[in-house]
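These numbers were taken from a predicted model, which means no experiment stands behind them.
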Amino acid sequence: MDRTTPEPDVTPEAPPADTPDDTQHSTPLEEAAPGKGIAAEHGVSTAAGDTAEEATSEDAPAAEKNTPSGEAPATEESAASEKAPAVVEITAVAADPVVEGSTASDEGDSASDRPAGETPDEPVAPRKWRDRHAVAARNVGWTVTGLSLLLVCFALLMPTSAPKFTPGVFLRIPVEAVLGAAVLIGLPRRPRIVVAILSGAILGLLTVLNLLDVGFNMFLGRGFNVVLDWVLFDDAESYLKDTMGNGGAIGAVIAVVALILIVLVVMTLAVLRVSNVMARNRDAASRATLVFGIAWVTCAALGLQLSGPGIAARTTVARVEDRVNRVQATLKDEAAFAKEAKKDAFGGTPGDQLLTDLRGKDVMIAFIESYGRSAIEDEATAAGVDATLDAKNEALTKAGYSAKSGWLTSATYGGSSWLGHSTFLSGLWINNQNRYRTVTAGEHLTLTGAFQRTGAWRTVGVMPGVQKNWPEGKFYGLDNVYDSRELGYEGPKFSWSTMPDQYALSAFERLEHGKKRDKPLMSEIILTSSHQPWAPIPKMIPWDQVGDGSVYEGIEKAGKDPADVFYDSKKVKEEYGKSIQYSVNSLIDYVVKYGSKNTVLVFLGDHQPLASVSGSNASRDVPVSIVAHDKSVLDKIDDWGWTDGIKPDKSAPVWRMDAFRDRFLTAYGSTPAKR
């Protein structure tokens with residue numbers, strides 16, 4: 001038989017097992033095709049970075065070595081002619097590096113595209129989308145990788161307050177990214193995947209905490225405390241129910257939970273994606289990591305910066321350190337404050353030695369929600385608020401009253417009003433929830449409690465913002481508390497506020513102040529109409545038309561929608577100013593109409609409004625005023641240096657809010673307990 005001309009229609013017989021033949025010749029290729037060639041065909045990377053190209057280079061010598069010298073039977077030549085295209089095809093596929101979006105050859109129906117052992121008559125599986133659209137798939141892959149990298153860098157560099165979100169903040173090199181890349185590149189496959197997943201989950205959690213910091217800085221002027229602030233989410237949910245209804249609150253809660261889950265999952269997938277790409281392109285990734293590492297060290301050594309922060313960033317590391325330090329400080333503060341709360345200069349003072357210079361006076365202590373320094377001094381609100389204060393001061397003067405005013409620095413900002421109330425009344429600096437729980441669980445003397453201890457006053461609280469049982473009333477020394485359920489209001493809510501301030505004062509007159517008593521009255525009154533979102537705002541009506549509050553139905557419906565106000569930076573300031581005017585009008589008009597020669601009014605703000613109204617760099621100062629018909633009451637505080645009238649001057653003294661209790665008790669005849 002002609003060695004070079006294979007006989008047609010004759011199937012070569014299988015060679016003996018002990019003879020080097022084309023079975024041995026083809027074995028490496030058959031192993032490479034299904035194990036490596038097909039993997040490359042479907043764009044799947046083989047373990048430990050093996051590729052079909054390596055298999056091809058190793059198999060060629062094996063084929064030559066297994067062919068007997070000087071022999072070239074027709075069967076071998078036929079086998080070689082059938083195997084050669086497979087080698088070429090595998091080599092062609094492997095030559096295209098397995099990167100994002102890479103695909104196999106489009107020759108899907110050729111013999112080389114079939115796994116070994118598959119006959120030509122067997123149907124070929126349909127090609128995947130990325131096989132049919134190789135270029136588009138590659139572009140999508142690189143786009144996803146790029147977005148993943150950007151997301152990781154964003155999370156590592158993001159600030160914790162809204163005003164700091166500027167382009168310059170993100171044009172920096174995060175050292176955490178450089179170190180993380182170096183670790184991931186050097187790890188074997190399985191440990192790398194585990195580390196990438198854990199790193200992504202941790203980075204997602206830190207991102208959630210950063211978002212909480214942004215929200216807390218916006219509303220409360222401080223970052224999120226991971227030890228103490230979880231309880232505030234209950235209050236946030238209650239606020240949402242009051243302003244948006246149950247359906248809106250549930251929707252908001254679901255949205256927040258979904259956002260947290262999305263952040264955790266997407267961040268984990270992003271880190272894993274970047275890790276896989278670096279592993280498949282190890283040399284290029286190593287070079288890039290080295291370059292960025294050198295750049296970071298250089299920028300750090302030279303102190304290079306753009307417009308503000310340095311180019312060499314260690315934001316996440318510094319933030320983790322800060323959180324750890326804050327946790328440690330919080331735990332230490334808990335023990336230190338418990339000891340501090342037990343110390344009280346007037347704690348052991350007998351009742352007959354307290355407030356001797358106010359005996360016989362009806363004393364009102366009124367808090368105006370969110371009444372801060374910005375209401376008086378900010379250009380957007382000052383004109384209206386100042387005009388109201390001037391007009392009401394004139395009305396007080398005509399009615400025979402005098403007033404003095406100053407500034408107090410509140411322990412809270414933007415919210416958590418109870419921290420301001422408790423600081424003012426207890427004489428302790430209560431700037432977090434843990435301190436509040438500690439002091440209200442004890443027996444520290446409050447200003448209202450001092451009135452109760454004397455036995456010379458009946459003490460009551462008017463709390464329209466309280467909608468459930470309030471055990472703190474006992475701590476504050478109040479004989480009776482009228483909450484929103486006990487004030488008899490039958491009108492509509494004004495967003496968060498359960499009732500207008502004018503109605504709350506009218507109910508106070510009906511239930512307590514207007515009744516005959518055998519003792520003067522000391523009252524703590526919380527006015528809530530100036531609580532965010534500052535829409536709709538009630539309007540003043542004749543006092544004899546207030547009734548049970550039903551008259552406010554039309555006023556509430558004619559008011560503005562909270563959503564149209566709260567998210568508009570200009571409108572929200574305007575409406576905030578109007579709400580303060582309404583609260584001041586309600587309170588001063590009440591004193592002028594229902595007060596007497598024995599009336600003494602102490603009124604103040606509990607905190608500044610949130611940053612979108614007061615400004616990101618606003619102080620925590622609030623105005624405080626004392627109004628009295630008996631001028632001798634104000635003579636007792638002449639040495640305080642306060643401004644005459646109910647509008648404090650810019651140069652008036654500023655005290656911390658916790659200093660007021662002792663100064664007030666001392667000014668009006670109280671004697672510290674002997675030690």
Are Glu377 and Lys650 close enough for a salt bridge, meaning some N to O gap below 4.0 Å?
no
Report yes if the side chains of Trp543 and Ser506 come closer than 4.5 Å at any heavy-atom pair, otherwise no.
yes
Go through the side-chain N and O atoms of Gln532 and Tyr576 and say whether any donor and acceptor fall under 3.5 Å apart.
no
Counting C-beta onward and ignoring hydrogens, is there a side-chain heavy-atom pair between Arg373 and Val622 closer than 4.5 Å?
no
Would you check if Pro464 and Tyr489 make a side-chain contact, meaning some heavy-atom pair closer than 4.5 Å?
no
When you compare the side chains of Glu369 and Ser583, does any donor N or O come within less than 3.5 Å of an acceptor on the partner?
no
Using distance alone, with no hydrogens and no angle criterion, decide if Ser596 and His629 have a side-chain donor and acceptor under 3.5 Å apart.
no
Taking atom types as modelled, is there a side-chain donor on Asp658 or Thr423 under 3.5 Å from an acceptor on the other?
no
Side-chain donor-acceptor pair under 3.5 Å between Asp501 and Tyr503, yes or no?
no
When you check the side-chain N and O atoms of Asp479 and Gln452, is any donor under 3.5 Å from an acceptor?
yes
Under the criterion salt bridge (charged side-chain N to carboxylate O under 4.0 Å, His left out), I'd like the reasoning laid out for Arg458 against Glu512: C-alpha separation, chi angles, the key distance, then a yes or no.
CA-CA 10 Å; Arg458 171 171 167 77; Glu512 285 285 349; 2.7 Å; yes
So Leu389 and Asn393, do their side chains get closer than 4.5 Å, heavy atoms only?
no
Does atom CD (Glu553) have a neighbourhood of more than 12 heavy atoms from anything else shown, all under 6.0 Å?
yes
CZ of Arg620 to OG1 of Thr409, rounded to nearest 0.5 Å, is 9.5 Å
For the residue pair Phe451 and Trp457, does the interplanar ring angle fall in the parallel (under 30°), tilted (30 to 60°) or perpendicular (over 60°) class?
perpendicular
Which donor-acceptor pairs under 3.5 Å do side chains of residues 588-595 form with protein atoms, sequence neighbours excluded?
residue: Asp589; atom: OD1; partner: Lys392; partner atom: NZ; Å: 2.8
residue: Tyr590; atom: OH; partner: Glu509; partner atom: OE1; Å: 2.5
residue: Tyr590; atom: OH; partner: His513; partner atom: ND1; Å: 3.2

Below 4.0 angstrom, N of the basic side chain to O of the carboxylate: do Asp352 and Arg359 qualify?
no
Would you mind reporting whether Arg661 and Leu425 have side-chain heavy atoms less than 4.5 Å apart?
no
Please check this pair: side chain of Thr448 against backbone of Tyr476, looking for a donor-acceptor N/O pair closer than 3.5 Å.
yes
Ignoring hydrogens and angles, tell me if any N or O in the side chain of Arg435 forms a donor-acceptor pair with the backbone of Trp429 under 3.5 Å.
yes
Please tell me if the side chains of Lys404 and Ile626 come closer than 4.5 Å, counting only heavy atoms from C-beta onward.
no
Is there side-chain contact between Val624 and Trp655, with at least one heavy-atom pair below 4.5 Å?
no
Identify each donor-acceptor pair in which a side-chain atom of residues 519-528 lies under 3.5 Å from a protein atom, sequence neighbours left out, and give them as a table.
residue: Lys519; atom: NZ; partner: Gly455; partner atom: O; Å: 3.2
residue: Thr528; atom: OG1; partner: Ser497; partner atom: OG; Å: 2.7

Atom CG of Leu428 and atom OG1 of Thr446: how far apart are they, to the nearest 0.5 Å?
10.5 Å
Check: Trp230 ring centre within less than 6.0 Å of Phe224 ring centre
yes
Could you tell me if the side chain of Ser625 sits less than 4.5 Å from the side chain of Trp642, heavy atoms only?
no
Return the CG to OG distance between Leu634 and Ser402, rounded to the nearest 0.5 Å.
5.5 Å
Does the side chain of Thr330 come under 3.5 Å of the side chain of Asn225 through a donor N or O and an acceptor N or O?
yes
